[in-house]
Every structure is written in C-alpha cells, then in structure tokens.
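Remember, it's a predicted structure, so these values are computed and weren't measured experimentally. Every number for a ligand or one of its atoms is a count from 1 in the order of the listing.
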Amino acid sequence: MLAEIPAGTSADVDRAVESAREAFEGWDAGPGERQSLLHEIADRIEAEREVFAKLETLDNGKPIREAQGDVAAAVDHFRYFAAATRHHEGITLPPDGTRSVRTVHEPFGVVGAITPWNFPLLITSWKLAPALAAGNAVVHKPAEQTPLTALKLADEIREVVPDGLVSVVPGYGTEAGEPLTKHDDVDKIAFTGSTPVGKQVMRNAADDVTDVTLELGGKNPVVVFPDADVRSAVRSAFLAIFYNKGETCSAGSRMFVHEDVYEEFTEALVETARDTEPGDPLLSETSFGPKVSKEQVDRTMAYVESARESGGRFRAGGNRVEEEPYADGCFVEPTVVEGLDHDSDPVQEEIFGPVLELFEWSDYDAMVERANDVDYGLTAGVMTEDLGRANDCARDLEAGTVWVNQYQDFPAGMPFGGYKQSGIGRETAFETVEEYTRTKAIDVSLR
Ligand code: NAD
C-alpha cells in the first residue's frame with residue numbers, strides 16, 4: 001500500500017468552510033501582495049519538483065517524464081496568474097456629465113474546488129492559482145484515487161497564506177464532494193470531472209444559486225485531410241489518444257481520416273501503437289504507463305468488449321497487457337479500432353482509456369456533421385498543410401479548443417473549456433480570473 005488517507009465527511013467540510021470564511025474576511029491582500037504570494041507558491045513547487053513528480057507517478061501511474069511536465073506546467077500557471085493579479089481592471093463608462101460609472105471585480109469569498117485523478121496537481125493548480133489571484137479562500141476536495149500531491153501542495157501553501165485560507169478535505173465524492181457543493185456558505189464551485197457528476201454538481205449548486213465552473217468530459221474528433229504530412233500527423237495523433245495512457249479529457253479518440261491517406265496513415269499509426277511498450281512509470285525511458293486503477297481497467301475493457309460485439313475490427317491492441325511483469329498491473333494495450341457504427345455506445349461515450357476509433361471520410365460536410373454528432377465539445381484536432389482549410393475546419397468543429405497540426409498543447413494564457421456538455425467557463429487564461437470574481441458597478445450621480 002502506498003498511503004492511508006482519511007476520508008473526510010460533511011463535518012470536515014463544515015470546519016474547512018468555516019475556517020476559510022474567517023480567513024477570507026481577515027485577508028485584505030492587494031494585487032501586489034497576491035502576486036508575491038503566488039510567485040512564492042511557484043518557487044516552493046519548483047524547489048520540490050522531484051518530490052511532486054514522484055508522488056504523482058506513484059499515485060496516478062503516469063510516466064515520470066509526463067509527471068515532471070505536469071509539475072513544470074503547474075509552476076508556470078502560478079506564475080501566469082501572479083502576473084494577472086496586476087491587470088484585472090474594471091471599466092469606466094464615457095463621461096456624460098450626469099453620472100460617473102465604473103466597475104470593480106470582487107472575489108466571491110469561499111471557493112469549493114473539486115478535481116479528478118488524471119492530472120491531480122496540474123488541475124488543482126488550474127483552480128487554486130486564479131482563485132487566489134482573485135482574492136478568494138479555497139476548500140479543495142481532490143479525487144479519492146489521487147490525493148497525495150494536493151496534500152503536499154497544501155503543505156507548501158500553508159507556509160505562505162493565512163491559516164485556513166486554503167484547506168484540503170480528501171475523501172469520496174458523495175461523502176466530501178457533495179457536502180461542499182451543497183454548502184450554503186460556499187460562494188462558488190469550480191469542478192473538473194465527468195459530465196454526469198458535473199450535472200449533479202450543478203443541480204446541487206442550484207439550490208443556493210451558487211456560481212459554477214464545470215470542466216467536463218470529451219469525445220474529441222481529429223480530422224486528417226488528404227494533404228496532411230502523414231508522419232507528423234501520426235505523431236500528433238499518437239499523442240492525442242495515448243498521452244497519459246488515454247486518460248485525458250482532451251483525448252482525440254475519434255479520428256476522421258480522408259480516404260486518400262486512410263491506409264497509409266492507419267498503417268503508420270498502428271505500427272507506432274504496436275511498438276509502444278508498457279513500462280515501469282518511475283523509469284525515465286517509459287512512455288506508456290498503467291491506468292490509475294483496476295476499476296478503470298475494467299471500465300475501459302467493457303467498452304473494448306462492446307466495440308468487439310458491435311463488429312469493430314481491431315488493428316492494434318484490444319487487450320489487457322498479460323505479459324510478465326505487468327500481468328497483475330493496470331495496463332491496457334494501445335488500441336486502434338475501425339468499422340464501428342458512429343451511433344454505438346463506444347463511439348458516443350467517453351472511454352477514458354487508450355482506445356482510438358477510426359473513421360474514413362470523403363465528403364467534407366458529411367464528415368463535419370459526424371464529427372460534431374456527440375454530446376461533447378471539448379477539443380478537436382485538424383491535420384492539413386493548407387492553413388486556410390484548417391481555419392475553416394476549426395470554425396466548423398464544435399469544440400472549445402482546436403489544435404492544428406499538433407495536439408495536447410496547453411500554454412498558460414490559452415483559454416481551456418468546453419462547448420455543449422463538456423462544460424461551462426474557461427480555465428488557464430486571463431478571463432479565468434473573472435470566473436472567480438463578481439462584477440460590481442458603481443454609479444455616482446454628478447448632479
Ligand atoms: P468524476 O466525475 O468521477 O470525479 C471527479 C471529482 O468529483 C472527484 O474528486 C470525485 O470524488 C468528485 N465527485 C464524485 N461524485 C461527486 C458528487 N456527487 N458531488 C461532488 N463531487 C463528486 O471524474 P473522474 O473519474 O475523477 O475524472 C475523469 C473525468 O474527468 C473524465 O470525464 C474527464 O473527461 C474529466 N476531466 C475533464 C477535464 C477538463 O478540463 N474538461 C480535465 C480532466 C478530467
């Protein structure tokens with residue numbers, strides 16, 4: 001066993017919210033002070049980067065190189081939002097001689113942050129950094145599968161913020177998460193997780209008309225045009241679906257490949273998938289790690305079986321890894337399947353594993369209609385050498401982010417969030433600070 005972590009209850013949530021409220025009311029740090037504080041948090045994560053990365057890999061199973069990348073990105077997001085504290089200005093209406101109108105952005109107060117297990121530290125940073133930049137207190141409920149880096153981060157943050165301003169209540173969704181979403185002294189909920197749970201969070205928050213940001217699931221299309229540079233498109237496609245062993249909300253899991261390059265592209269991708277060896281995630285040469293839990297392996301394999309029963313043809317993978325020393329682990333082979341009906345469950349639902357579904361196309365309009373024919377709209381990819389065509393296709397796809405000739409790129413400052421049932425609100429960008437504030441208009445009579 002790696003660690004034993006207490007499971008919080010509604011009583012713990014009550015205590016954390018009470019302390020957060022008290023700390024918030026006693027905290028009047030201006031933008032400069034909040035900027036310094038966020039830089040100090042970034043410095044502390046950076047100083048402990050190897051510990052954070054190792055903890056993340058042990059907890060989640062992601063290859064250590066990917067965990068190191070997550071830690072560096074977390075540092076960068078704290079620094080980005082440190083800078084944002086200085087630029088979050090209001091507006092002034094043009095003077096008309098009768099009144100003076102200006103706006104100020106005020107923090108909500110107490111933010112409840114709920115995060116998933118796939119990028120535990122990074123997604124926590126995506127919430128904590130803008131929430132603190134805007135001047136809020138935060139109570140964080142990490143995923144029950146992966147609470148370790150959240151607890152380590154809280155230890156670091158505690159050294160630089162007033163007591164109670166940031167706290168963590170580890171535990172299960174219904175026991176610790178739900179009380180946070182229903183709490184009448186929580187002013188804002190920032191949730192990342194699955195769409196069904198996101199809907200429940202929204203329903204719970206509705207009772208007190210609590211503000212919500214929801215970052216939810218995805219079933220994201222990647223479109224390959226006939227003029228794409230096939231080698232580079234295969235590299236991007238591989239990253240799109242197999243990065244973090246397919247456990248990304250942005251996974252490019254439905255790939256639409258033009259008939260002129262379908263076989264060439266598929267052969268090259270299948271070869272790369274077959275050559276991908278599972279490995280010990282703590283070793284720096286490993287590029288493909290185990291899934292987070294046995295439960296998630298079973299969930300993925302149930303979709304694989306359903307794809308098999310629906311007539312899917314497996315070009316690569318389609319099995320758990322049975323070879324020693326991985327037979328008892330949580331490895332699923334990188335899987336590429338074609339021939340599925342687009343209306344079938346494995347195509348319409350988020351698998352959240354290393355399973356890629358391929359579709360051949362010839363008619364552009366019909367392909368776009370299909371690509372958009374899911375409940376989700378988080379991300380998409382377009383592979384072509386023609387940037388005019390890329391732009392048109394990016395505009396036609398219903399997604400919050402469209403990558404062109406690349407995939408899984410998340411620079412701080414680029415808004416990230418979903419269309420349709422993939423969510424509400426945008427993270428990782430300047431506008432995110434706004435999501436953690438309320439706008440007040442002050443209208444003064446000049447008569
Ligand atoms: P999940 O919805 O099961 O859980 C997410 C979090 O919500 C966990 O902390 C969980 O304990 C908590 N939770 C569960 N039930 C709850 C309830 N009733 N009330 C309050 N909180 C509750 O998701 P998961 O399995 O941890 O993560 C995978 C999902 O997250 C996928 O759907 C993935 O696409 C999504 N995700 C989205 C983004 C994004 O930015 N859009 C990023 C990463 C993951």
Side-chain angles (χ1 to χ4, degrees), residues 5 7-10 13 59-60 62 70 73 77 112-127 139-147 149-150 168-183 186 189-207 210 212-220 243-253 291-293 295-300 303 349-353 374-379 399-401 408 410 414-429 432 435:
I5 305 293
T9 61
S10 61
V13 170
D59 217 6
N60 167 280
K62 64 176 68 203
D70 290 0
H77 279 85
I114 301 178
T115 52
W117 45 261
N118 60 336
F119 290 87
L121 175 70
L122 187 55
I123 290 177
T124 298
S125 306
W126 284 6
K127 299 194 183 320
V139 177
H140 175 213
K141 208 299 279 174
E144 54 271 33
Q145 298 88 343
T146 55
T149 46
V168 180
V169 182
Y172 295 98
T174 47
E175 293 169 18
E178 202 155 312
L180 194 57
T181 61
K182 289 180 167 171
H183 204 293
V186 170
I189 292 289
F191 173 83
T192 299
S194 61
T195 295
V197 175
K199 289 180 184 177
Q200 186 57 44
V201 165
M202 202 172 173
R203 277 185 214 108
N204 291 343
D207 280 344
T210 303
V212 291
T213 302
L214 302 173
E215 292 287 353
L216 308 176
K219 189 75 194 192
N220 311 296
Y243 185 71
N244 203 40
K245 358 82 183 213
E247 295 172 343
T248 65
C249 51
S250 52
S253 48
K291 286 184 66 70
V292 70
S293 64
E295 191 190 352
Q296 285 297 320
V297 174
D298 292 343
R299 191 169 175 273
T300 298
Y303 277 113
E349 295 172 14
E350 186 184 36
I351 297 180
F352 223 58
V374 287
D375 289 338
Y376 298 104
L378 190 58
T379 63
T401 303
Q408 309 284 27
F410 296 91
M414 183 174 85
F416 183 67
Y419 279 27
K420 302 195 284 187
Q421 294 192 23
S422 287
I424 299 174
R426 292 294 177 267
E427 294 199 304
T428 68
T432 310
E435 308 261 0

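A 4.5 Å side-chain heavy-atom check between K62 and K245 finds at least one atom pair inside the cut-off. With contacts defined as side-chain heavy-atom distances shorter than 4.5 Å, the pair N204/E178 qualifies. Side-chain atoms of P147 and D59, non-hydrogen and from C-beta on, do get closer than 4.5 Å to each other. Between T181 and I114 there is a side-chain heavy-atom pair separated by less than 4.5 Å. Side chains of E215 and I123 form no contact here, defined as non-hydrogen atoms less than 4.5 Å apart. You'll find the side chain of N244 reaches within 4.5 Å of the side chain of N60, heavy atoms only. At least one side-chain heavy atom of W117 sits under 4.5 Å from a side-chain heavy atom of Q296. Counting heavy atoms from C-beta on, the side chains of D375 and T195 never come closer than 4.5 Å.
Each of the atoms 43 (C), 44 (C) of ligand 1 lies under 4.0 Å from some heavy atom of N118. In summary, the atoms of ligand 1 found under 4.0 Å from a heavy atom of L378, numbered by their order in the structure, are 41 (N). Near G177, with a cut-off below 4.0 Å to any heavy atom, the atoms of ligand 1 are 19 (N), 20 (C), 21 (N). Each of the following atoms of ligand 1 lies closer than 4.0 Å to a heavy atom of F416: 39 (C), 40 (O).
The aromatic rings of F416 and F410 sit perpendicular, their planes meeting at an angle over 60°, well past the 30° parallel limit.
Under the side-chain contact (heavy atoms from CB on, under 4.5 Å) rule, T149 has a single partner from P120, P142, S125, which is P120.
Residue contact check for ligand 1: P142 places a non-hydrogen atom closer than 4.0 Å to it. At least one heavy atom of F191 sits closer than 4.0 Å to an atom of ligand 1.
Considering only non-hydrogen atoms, atom 35 (C) of ligand 1 lies nearest to G193 out of G193, A150, G218. Scanning G173, S194, G171 for the heavy atom closest to atom 22 (C) of ligand 1 points to G173. Nearest-residue assignment for atom 10 (C) of ligand 1 (options E144, R203, H140; heavy-atom criterion): E144.
Ion pairing between a basic and an acidic side chain is recognised when a charged N comes within 4.0 Å of a carboxylate O; R426 and E435 show no such pairing.
At the shortest separation from atom 36 (N) of ligand 1 among protein heavy atoms lies C249 CB, 3.5 Å. Among all protein heavy atoms, the one lying closest to atom 15 (N) of ligand 1 is V197 CG1, 3.5 Å. In terms of protein heavy atoms, atom 12 (C) of ligand 1 is closest to I114 CG2, 3.7 Å. Among all protein heavy atoms, the one lying closest to atom 41 (N) of ligand 1 is L216 O, 2.7 Å. For atom 27 (O) of ligand 1, the nearest protein heavy atom (residue, atom name, distance) is P116 CB, 3.3 Å. Nearest to atom 24 (P) of ligand 1 among the protein's heavy atoms is W117 NE1, 3.3 Å.
With a 4.0 Å heavy-atom cut-off, ligand 1 is reached by the side chain of F352 but not by its N, CA, C or O. Under 4.0 Å from ligand 1, not a single heavy atom of T248 appears. Contact annotation for I123 and ligand 1: only side-chain heavy atoms (C-beta onward) come within less than 4.0 Å of the ligand. Residue contacts with ligand 1, taken as heavy atom pairs separated by less than 4.0 Å, involve T192 via backbone and side-chain atoms alike.
Residue T115 places at least one N or O, backbone or side chain, under 3.5 Å from an N or O of ligand 1. Of the N or O atoms in E350, one or more lie within a sub-3.5 Å distance of an N or O in ligand 1. Considering backbone and side-chain N/O atoms, E178 comes within less than 3.5 Å of an N/O atom of ligand 1. Taking only nitrogen or oxygen atoms, main chain and side chain alike, T195 does not reach within less than 3.5 Å of ligand 1. The shortest N or O to N or O distance between K141 and ligand 1 is under 3.5 Å.
Between atom NZ of residue K199 and atom OG of residue S194 there is a gap of 10.0 Å, rounded to the nearest 0.5 Å.
Side-chain contact of E350 with Y376: a donor-acceptor pair under 3.5 Å is absent, judged by distance alone.
Between the K291 side chain and the F352 main chain, a donor and an acceptor come within less than 3.5 Å of each other.
Between K141 and G171, the shortest heavy-atom contact is NZ-O, 2.8 Å.
Proximity of atom 4 (O) of ligand 1 to the protein is not indicated, since no non-hydrogen protein atom lies closer than 4.0 angstrom.
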